[in-house]
Amino acid sequence: MKEFFTVKYGEVPLLGVIAFGIIDRGTNLIQVRPQSGCPLCCIYCSVDEGSCSRTRMTVYRVEKEYLVDVVKEVVRFKGADDIEIHIDGTGEPFLYDKIDGLIGDLREIEGVKVISAQTSGFTISKKMVPKLEEAGLSRVNLSINSLDQNLAKKMAGIKSYNIDKILVIAEEIAESQIDLLIAPVWVPKVNDAEIPKLIEYAIKIGAGKNWPPLGIQKYIAHKRGRKVKGVKPMSWFKFYRKLASLEKIYGVKLILGREDFNIHRTKRKIPVVFKKLEKVKVKIVGPGWIKGEKIGISRGRAVTVVNCKAEAGETVRVRILSNKDGIYLAEPA
Ligand code: SF4
């Protein structure tokens, strides 16, 4: 059974952890994560999310006003006038009940030029699309792995997945002002035959109005993710060779880089406040995303503490294990 944790205004910093809040990796793209958790159970899930997960214990939800105010501060700090807000997460961000309101509020922030979001489409209804359009959503990265009902269901890992419903949403988006990018995960021996069909489908329905129509992703067997039985991931060399060959056949760009999305480094990046191996005291404020983890706070950042038995309200001394891009992992010192 998962625990639900609401991140209330000002109570937990929104910088520092992977499962909710804001991540600044030093470019004009800021990742915004309003909610974790996922209704699907994809066989390849890199973060082992969904109801079938045996490792992800907590679903986080951030209060909208809090999230918007902190995004505002981050955008102001970065000082760029072409910020892309990318709403993503370690799960399905469209589970967030205030998603259109959130998009509308983010759209009002000076300096925000593009708002994109990633989704499986599973929780989007047809009548939601005009609301998202009106709110100012620029692009949806929609993960569709197969046009075949049985295979799509198998890859999504749940019986109630219906690809026909997702395709209705895809077409509704493609016909709106919102751009559509179809983002399948290519799992060798599982959906090889579907990739050309998905390319044809994306072109046919008019995906890629302002950005590329497809963002094909390579299946990677992540250490802490779900692995597809009997499947050896493709090498990067083979993956790009196959994409290059499909590019020639379909005349569409499939090997993508930052420049395809106008992503570039910014002069300012949110400062990293803890050094690696530094020892620091953190106050435990809530459960971690994974079994055995807790969320601690210090110096205006949230820190994930692994192997932590302390309860909320206790202070523990921890050693910082990693600080990459301002995402902090620590263990009791
Ligand atoms: S939609 Fe994404 S987060 Fe959800 S189970 Fe599939 S891969 Fe994992």
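As the structure lists them, so they are numbered: ligands from 1, and atoms in each ligand from 1.
- No part of Q118 comes within 4.0 Å of ligand 1, judged by heavy-atom distances.
- Put simply, C42 gets within reach of atom 6 (Fe) of ligand 1, with an N, O or S atom under 2.8 Å from it.
- At least one heavy atom of G91 sits under 4.0 Å from some atom of ligand 1.
- In summary, the atoms of ligand 1 found under 4.0 Å from a heavy atom of R226, numbered by their order in the structure, are 5 (S).
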**OP:** Verify ring-ring contact (aromatic ring centres under 6.0 Å, His included) between F274 and Y328, making sure each step is shown before the conclusion.
**Re:** CA-CA 8 Å; F274 301 112; Y328 305 102; 5.0 Å; yes
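- Between the side chain of D192 and the backbone N or O of P188 there is no donor-acceptor pair closer than 3.5 Å.
- Checked options K227, R56, R226; the residue passing with D48 is R226 (criterion: side-chain hydrogen bond (donor to acceptor under 3.5 Å, both in side chains)).
- Below 4.0 Å from some heavy atom of C38 lie the following atoms of ligand 1, by number and element: 1 (S), 3 (S), 4 (Fe), 5 (S).
- A cation-pi arrangement, defined by a distance under 6.0 Å to the six-membered ring centre and an angle within 45 degrees of its axis, is present between R268 and F77.
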**OP:** Applying side chain to side chain donor-acceptor pair (under 3.5 Å), run through E331 and N307 and close with a yes or a no.
**Re:** CA-CA 6 Å; E331 63 180 3; N307 304 324; 5.0 Å; no
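- Cation-pi geometry between K218 and W186 is not met at under 6.0 angstrom from the ring centre and within 45 degrees of the axis.
- For atom 5 (S) of ligand 1, the protein comes within 4.0 Å by at least one heavy atom.
- Looking only at protein heavy atoms, the nearest one to atom 8 (Fe) of ligand 1 is C45 SG, 2.3 Å.
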